[in-house]
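Have a look at the structure below, then the notes.
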2 protein chains.
Amino acid sequence: MDQIDYKILSTLNENARIPISELSRMIAMSQPAVTERLRKLEEQGVITGYRAELSPHKLGKHTTAFVLFKTNNCKDFLAFSETAPEIVDLYRISGEYNYLMKVLTETNESLARFLDSCNIYGYSTPLIVLSTSFEGKSLVASNV
Amino acid sequence: MDQIDYKILSTLNENARIPISELSRMIAMSQPAVTERLRKLEEQGVITGYRAELSPHKLGKHTTAFVLFKTNNCKDFLAFSETAPEIVDLYRISGEYNYLMKVLTETNESLARFLDSCNIYGYSTPLIVLSTSFEGKSLVASNV
DNA sequence: GTTGAAAAAACAGAGGA
DNA sequence: TCCTCTGTTTTTTCAAC
């Protein structure tokens, strides 16, 4: 992992669909060399995947909320949560509550309905997201 | 936006670097037609970008935490947070605390040091992430 | 890690349901 | 309007160095 690898990671974090030919021009290195570095970064698990980032709003999801909660049935809740399209992120956390989830619903009302339908207790008042200042900042500096 | 568009979105959410030729084979549609649909989805803002997903662990970030806090200097904090590599997500939220941030640091100790260095007050005990059950679930169903 | 040729894919045009 | 077909350009892959 050197400066060139960091540059590759930072560039792909900004635009994962950039052609390798263009990437290689940007970092002034031959295409096969960049391809080989990329292959290694994927193999080592530094790069875990490539994702299209979608607009929740354009897909009719107008409410984003974080909910802290407790559950005894960790295993059951995990199975449920994987099938619930509303839950996009799920974290096991330290502290009074043992889970944190990020939930996307169409409206505030559908958020309330969804929470009622979850088999959880002791959940916090939903932390409604008023605005997302930024999200998914790159883990590697862009000016390497 | 029809079923085919949803299929394109869901496929690109799983692998954003898939060649359009392969994508077009998967959904049994010609390449130019898929290219045109993709162009429109980007133009409409349904697709906001393509990102490489990196492993925090492989990059030396062993601690992930969510921190709720209050600040009066919203503008100043936003400027600071954009330059702080530790803060990867920042949300303005409803409720007693007015901000939620996701922070990645090398260790628990560096998390403590970072929070001390932030010009915020009334922040919650950091919600340390013990494990990420899942993250970034697709906003569109995969079985469309 | 570089160069250069062959294969594959992306792009841009005309034509058809 | 949206899709298909075809030729051209670009990109990727694979060889040898």
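Chain letters run A, B, ... following the sequence lines, proteins first, then strands; residues in each count from 1.
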With sequence neighbours excluded, residues passing side chain to side chain donor-acceptor pair (under 3.5 Å) with Arg37(B): Asp2(B), Asp5(B)
Using the side chain to side chain contact (heavy atoms under 4.5 Å, CB included) criterion, which residues pair with Ala33(B)? Sequence neighbours excluded. Met29(B), Ser30(B)
Show which side-chain atoms of residues 21-28 of chain B pair as donor or acceptor with protein atoms under 3.5 Å away, not counting sequence neighbours.
| unit_1 | atom_1 | unit_2 | atom_2 | d |
| --- | --- | --- | --- | --- |
| Ser24(B) | OG | Ile20(B) | O | 3.3 |
| Ser24(B) | OG | Ser21(B) | O | 2.7 |

Sequence-distant partners of Asp76(A), side chain to side chain contact (heavy atoms under 4.5 Å, CB included), two or more places apart: Asn73(A)
Residue pair Lys102(A) / Phe66(B), side-chain heavy-atom distance below 4.5 Å: no
Quick one: does Gln3(B)'s side chain get under 4.5 Å of Lys7(B)'s, heavy atoms only? no
Assign Arg37(B) to base, sugar-phosphate, or nothing according to its heavy-atom contacts below 4.0 angstrom with the strands shown. sugar-phosphate
Look at the rings of Phe80(B) and Phe114(B) and say which category their plane angle falls in: under 30° parallel, 30 to 60° tilted, over 60° perpendicular. parallel
Name the first nucleotide and the last nucleotide along DNA chain D (5' to 3') that come under 4.0 Å of a heavy atom in chain A. dT11(D) to dC14(D)
Note: Ile120(A) and Lys70(A) closest approach over all heavy atoms is CB-O, 4.1 Å
Output the residues of residues 24-31 of chain A in contact with DNA chain C, where contact means a heavy atom of the residue under 4.0 Å from an atom of the strand; sort by number or write none. Met29(A), Ser30(A)
Check this for me: does any side-chain nitrogen of one of Glu36(B) and Arg39(B) sit under 4.0 Å from a carboxylate oxygen of the other? yes
Based on the rotation axes of five pairs at each end, what angle does the helix from dG1(C)-dC17(D) to dA17(C)-dT1(D) bend through, to 10°? 40°
Tell me, please, which residues at least two apart from Glu53(B) pass side chain to side chain donor-acceptor pair (under 3.5 Å). Thr48(A), Arg51(A)
Outermost DNA chain C nucleotides near chain B [under 4.0 Å, heavy atoms]: dA9(C) to dA12(C)
Do you know the tightest heavy-atom contact between Ser10(B) and Ser138(B)? CA-OG, 4.4 Å
Considering only residues two or more places apart or on different chains, which pairs with a residue in residues 27-59 of chain B satisfy ring pair (Phe, Tyr, Trp, His ring centres under 6.0 Å)? His57(B)-His62(B)
What one should report as the nearest heavy-atom pair of Ile87(B) and Ser81(B) is CD1-CB, 3.7 Å
Correct closest heavy-atom pair for Lys137(B) and Asp89(A) would be N-OD1, 4.5 Å
Within residues 39-55 of chain A, find the residues that approach DNA chain C with a heavy atom at under 4.0 Å, and present them sorted by residue number. none
Would you tabulate the side-chain donor-acceptor contacts of residues 123-133 of chain A under 3.5 Å, counting partners in other chains and residues two or more places apart, or write 'none'?
| unit_1 | atom_1 | unit_2 | atom_2 | d |
| --- | --- | --- | --- | --- |
| Ser124(A) | OG | Leu68(A) | N | 3.2 |
| Ser124(A) | OG | Leu68(A) | O | 3.4 |

